[in-house]
Amino acid sequence: MDITPIIDPLNPAQREAVTSSTPALLVLAGAGSGKTRVLVHRIAWLMQVEGTSPHGILAVTFTNKAASEMRSRIENLLNIPAQSLWVGTFHGLAHRLLRRHAKEAGLPSAFQILDSDDQHRLIRRLLKTLDLDEARWPPRQVQWFINAHKEEGRRARHLAESYDPFQKQMQRIYLAYEETCERSGLVDFAELLLRAHEFLRDTPEVLDHYQRRFHHVLVDEFQDTNRIQYAWLRLLTRERENLFVVGDDDQSIYSWRGAKIENLHKFQKDYPSHRLIRLEQNYRSTSSILNAANALITHNEGRLGKTLWTEGGIGEPVSVYAAFNEQEEAYFVAERIKHWTQEGNARRDAAILYRSNAQSRQFEEKLLAMGIPYRVYGGLRFFERAEIKDALAYLRLISNRHDDPSFERVVNTPVRGIGAKTLDLVRDLARAEKCSLWQAAETLCRDAAVPTRARSPLSGFLQLIETLTLDTAELPLWEKVQHVVPASGLRAHYEKEKGEQAEARVENLDELVNAARQFEYEPQLDTELSKLDQFLSHAALEAGENQSDEYEDCVQLMTLHAAKGLEFDLVFIVGLEEGLFPSLQSLEEPSRLEEERRLCYVGITRAKRKLFLIYAETRRLYGKETYPRPSRFLREIPSEHLQEVRMRGNTGRPIAFSQTSPSTNDNGGVFKLGQRVRHAKFGEGVILQYEGEGSQARVQVNFAESGIKWLMLAYANLQRP
DNA sequence: TGTTAATAAATTTTT
DNA sequence: TTTATTAACA
């Protein structure tokens with residue numbers, strides 16, 4: 001057998017990892033060091049050389065995108081379909097497991113999945129039912145409470161009795177939430193993992209089966225695993241220590257979502273036979289860029305340690321630009337991108353990375369004004385759109401009458417005269433009888449004591465669902481969807497809605513029919529689950545694309561988080577200011593600050609050829625002018641790795657300067673707007689504006705300690721700090 | 001029942 | 001500044 005295609009494209013460290021005879025392996029893979037390649041080639045090696053059946057391999061990722069990329073790369077490398085291989089996300093695999101063993105795991109066979117939005121709505125409704133004030137028990141916080149406990153493996157009944165009334169109430173809500181989900185046959189994201197874990201843990205014969213079955217378990221982005229995910233991996237591999245993980249502690253940026261870097265240390269303890277291999281050769285960036293990244297990340301403590309290097313050249317220096325304000329920041333970036341494309345480069349190879357989504361606006365405006373096509377990542381995905389979720393809710397009710405969140409969602413959408421009063425009756429009864437909203441509604445419709453004004457629209461709704469069910473019973477999935485969209489009245493409802501968005505909504509509803517049609521051709525999960533139920537699960541588990549116009553050559557705008565795993569020739573990291581990046585909320589806590597630093601590290605290592613680090617001297621934030629200090633991350637990179645740039649064809653005077661004070665631009669060229677200065681008495685500050693000329697020139701300075709003051713330039717004796 | 005005015009809040013988001 | 005939510009209103 002020819003193993004050269006598996007071995008040849010690898011460097012020594014990669015090769016060591018791929019061919020290791022030790023099954024427990026920790027691959028510390030730096031940014032751009034070829035971690036996916038190692039994973040893919042490892043799997044190929046196991047199958048082709050060690051003769052492991054594809055059946056015996058489990059590969060786990062975090063995103064659907066990563067999973068499908070891995071699968072297709074394996075297929076390309078081996079030139080065979082990799083269907084029998086279990087490659088998927090933690091949630092997808094847990095889902096698969098639970099579908100297979102639904103009964104044994106204590107779930108109804110047609111259980112459905114709640115996404116975060118559904119969960120949030122359910123919690124809000126629950127609070128109302130429990131007659132709790134949302135101001136005191138904010139739904140987001142409740143959601144966080146529940147998910148955090150589930151991720152730690154704790155159910156409501158496991159929580160210790162608390163004397164803190166707040167805590168106590170939270171626990172009660174958690175318990176009630178669990179009951180509601182149970183009754184409605186619903187499972188949230190965290191529940192998928194928790195349930196799968198409990199099931200394996202408590203069902204020895206099944207656990208034994210999977211332990212035997214999976215000869216090798218491989219995990220991507222291991223630094224992002226949370227506690228329950230680790231426990232799940234541990235269960236499957238504890239007997240044979242057959243766990244191969246790839247990760248990078250320096251790129252852990254999701255601890256706020258429960259990711260535990262500690263799992264890397266835990267792995268080392270729990271798998272004593274393991275080997276550790278570092279992938280430090282970088283194939284992405286110039287050494288200028290890597291130097292900056294390496295220097296920055298050394299400011300973090302407790303790292304496993306790693307230094308990226310490259311055989312490639314020095315490349316262009318990393319540039320730092322101090323913009324006057326956020327407008328000028330955007331102008332500068334747009335201008336550079338214009339030159340970049342004029343030099344014959346593609347727009348899609350340029351990216352603007354920011355800390356928070358709100359920052360995208362100014363860049364969009366400038367790019368739009370200059371006629372540069374761009375694409376903003378993030379935002380609602382297809383299956384998360386309100387109109388799509390409405391349609392799915394009808395479909396869910398067709399499949400399962402007791403799906404309370406779906407009932408709530410569409411019982412009066414489109415409006416059919418079922419008001420708050422009527423719904424309260426339904427909810428109260430459901431609560432009293434501990435039954436579903438559907439059952440409660442049925443009972444009420446038979447109850448002569450209920451006024452007809454309330455009864456008839458309600459029974460109309462029940463009738464509608466029954467009719468939809470009957471009418472679509474024999475239809476294939478896509479025709480079911482095609483039938484339900486208009487017959488539910490949703491299409492008409494959105495058609496008569498006004499605004500530009502409404503049109504898109506109707507289009508989306510039509511697109512849902514296409515999505516269903518496409519789904520019909522996709523490979524089946526091996527269950528007796530109806531196609532409809534499979535489609536609904538698919539919709540929850542894979543929320544779909546953000547935007548569609550991927551073919552056009554566009555500048556890419558996204559958050560630093562969204563950029564993880566991507567690479568671009570030209571990268572701008574913008575808004576490098578204290579309080580913005582690092583974010584205000586992270587300044588107090590060292591551990592959160594370190595995460596911000598890792599985020600910056602991730603950003604820097606996205607750049608292949610040229611990197612700009614940009615901050616503004618003045619920034620309008622929440623409608624107020626602020627005078628932030630440049631980010632500490634800039635100071636943490638030694639200046640020999642950085643190069644300050646000024647606007648092209650401009651002797652250090654920002655463009656905005658002439659706009660702000662067109663007549664008074666002569667102060668000897670020493671001071672400019674937004675510049676930091678030091679005053680003997682008032683300390684450090686920033687120049688806001690000035691007026692007058694020569695000996696009459698006055699400047700307004702915002703001092704950190706003393707506030708905003710006007711000073712005569714001639715007497716103030718301002719220094720550059 | 002849907003619209004409007006006031007008020008509060010304000011990261012990051014793989015599933 | 002924008003955005004979401006809520007209370008008051010027609």
Side-chain angles (χ1 to χ4, degrees), chain A residues 60-69 88-95 113-120 124 133-135 138-140 143-144 147 150-151 187-194 196 220-221 223-226 228-229 251-259 326-327 353-362 365 377-381 383-384 412 414-422 497-498 537-544 546 558-566 575 579-587 592 595-596 598-600 602-603 619-626:
Chain A
V60 197
T61 65
F62 276 87
T63 66
N64 292 302
K65 199 172 144 203
S68 58
E69 187 187 328
T89 63
F90 277 104
H91 292 85
L93 294 165
H95 174 242
I113 301 168
L114 280 180
D115 69 18
S116 332
D117 182 60
D118 298 330
Q119 187 187 34
H120 185 244
R124 287 191 65 177
D133 186 5
E134 282 196 11
R140 290 267 166 229
Q143 195 174 9
W144 182 86
N147 290 337
K150 285 192 178 185
E151 277 160 17
V187 168
D188 62 44
F189 286 143
E191 182 73 26
L192 282 172
L193 301 175
L194 177 56
D220 190 16
E221 305 276 20
Q223 77 283 349
D224 288 342
T225 49
N226 65 28
I228 200 80
Q229 286 160 341
Q251 290 191 72
S252 163
I253 55 174
Y254 284 109
S255 75
W256 52 278
R257 276 180 111 249
E326 77 282 351
Q327 299 280 321
L353 309 182
Y354 36 78
R355 177 67 242 262
S356 77
N357 286 306
Q359 286 168 264
S360 76
R361 232 195 69 191
Q362 66 213 46
E365 282 170 6
Y377 282 72
L380 278 189
R381 314 240 281 282
F383 286 112
E384 291 169 350
N412 200 31
V415 280
R416 45 176 72 87
I418 303 174
K421 278 269 162 58
T422 317
E497 205 178 65
K498 49 195 185 304
S537 306
H538 166 85
L541 241 30
E542 299 193 33
N546 277 320
M558 66 189 82
T559 63
L560 285 141
H561 281 91
K564 193 175 131 194
L566 305 176
L580 194 62
F581 190 27
S583 77
L584 193 61
Q585 295 86 338
S586 63
L587 293 179
R592 300 186 69 182
E595 181 146 315
E596 296 284 301
R598 291 193 291 267
L599 187 58
C600 189
V602 167
R619 180 177 298 272
R620 215 179 163 77
L621 206 60
Y622 308 137
K624 279 220 169 67
E625 290 294 323
T626 60

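As the structure is a prediction and not an experimental result, all values here were calculated from the model. Note on naming: letters A, B, ... go to the chains in the order of the sequence lines (proteins, then strands), and numbering restarts at 1 for each one.
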Gap between atoms CG and P, on A:Leu541 and B:dT15 respectively (whole Å): 9 Å

Rounded to the nearest Å, what distance is computed from the CG atom of residue A:Leu621 to the C1' atom of nucleotide C:dT2? 12 Å

What is the distance, rounded to the nearest whole Å, between atom NZ of A:Lys564 and atom C1' of B:dT15? 14 Å

Check: A:Glu326 main-chain N/O paired with A:Gln362 side-chain donor or acceptor under 3.5 Å: yes

Touch class at under 4.0 angstrom, heavy-atom based, for A:Tyr254 against every strand present: base

Mapping A:Glu595 and A:Gly417 to their closest nucleotides on DNA chain B, which lands nearer the 5' end? A:Gly417

Scan A:Arg124 against the nucleic acid and name what it touches under 4.0 Å (heavy atoms): base, sugar-phosphate only, or nothing. sugar-phosphate

Reckon A:Ser356 touches a base, only the sugar-phosphate, or nothing at all at heavy-atom distances under 4.0 Å? sugar-phosphate

Short side-chain N/O contact to B:dT15 OP1/OP2 from A:Arg381, under 4.0 Å: yes

With rounding to the nearest 0.5 angstrom, report the NE2 to CH2 distance, A:His120 to A:Trp144. 15.0 Å

Classify the nucleic acid contact of A:Gly419 as base, sugar-phosphate or nothing, counting any heavy atom under 4.0 Å across all strands shown. sugar-phosphate

Nearest whole angstrom, please: distance from the P of C:dA4 to the CG of A:Leu380. 10 Å

Roughly how many Å is it from OH in A:Tyr622 to P in C:dT3, rounded to a whole number? 13 Å

Can you tell me, in whole Å, how much space there is between the P of B:dT12 and that of C:dT5? 16 Å

Would you please classify the geometry between the A:Tyr254 ring and the A:His561 ring as parallel, tilted or perpendicular, with 30° and 60° separating the classes? tilted

Verify, without hydrogens or angle tests, whether A:Ser586 (side chain) and A:Pro582 (backbone) share a donor-acceptor contact under 3.5 angstrom. no

Can you tell me how far the CZ atom of A:Phe581 sits from the CD atom of A:Glu596, to the nearest 0.5 Å? 6.0 Å

Any protein N or O atoms within reach of nucleotides 7-9 of chain B? Criterion: under 3.5 Å, listing atom names and distances.
none

Of the candidates B:dT13, B:dA10, B:dT1, the side chain of A:His561 sits closest to B:dT13

Side-chain N or O of A:Arg361 less than 4.0 angstrom from OP1 or OP2 on C:dT2? yes

Backbone N or O of A:Ser116 within a donor-acceptor pair of the A:Gln143 side chain at under 3.5 Å? yes

Can you find a side-chain donor-acceptor pair between A:Asn147 and A:Gln119 that sits under 3.5 Å? yes

What about A:Arg355, does its side chain sit under 3.5 Å from the base of B:dT12 through a donor-acceptor pair? yes

Please work out if A:Gln359 contacts a base, only the sugar-phosphate, or nothing of the nucleic acid, heavy-atom cut-off 4.0 Å. nothing

Tell me whether A:Trp256 is stacked on the nucleobase of B:dT12, counting only the six-membered base ring and applying the 5.5 Å and 30° thresholds. yes

Separation between CG (A:Leu621) and CD (A:Gln359), nearest 0.5 Å, reads 8.5 Å

Closest nucleotide among B:dT15, B:dT13, B:dT1 to the A:His91 side chain: B:dT15

Using a cut-off of less than 4.0 Å, is there contact between a side-chain N or O of A:Asn357 and OP1 or OP2 of B:dT13? yes

Please work out if A:Ser116 contacts a base, only the sugar-phosphate, or nothing of the nucleic acid, heavy-atom cut-off 4.0 Å. base

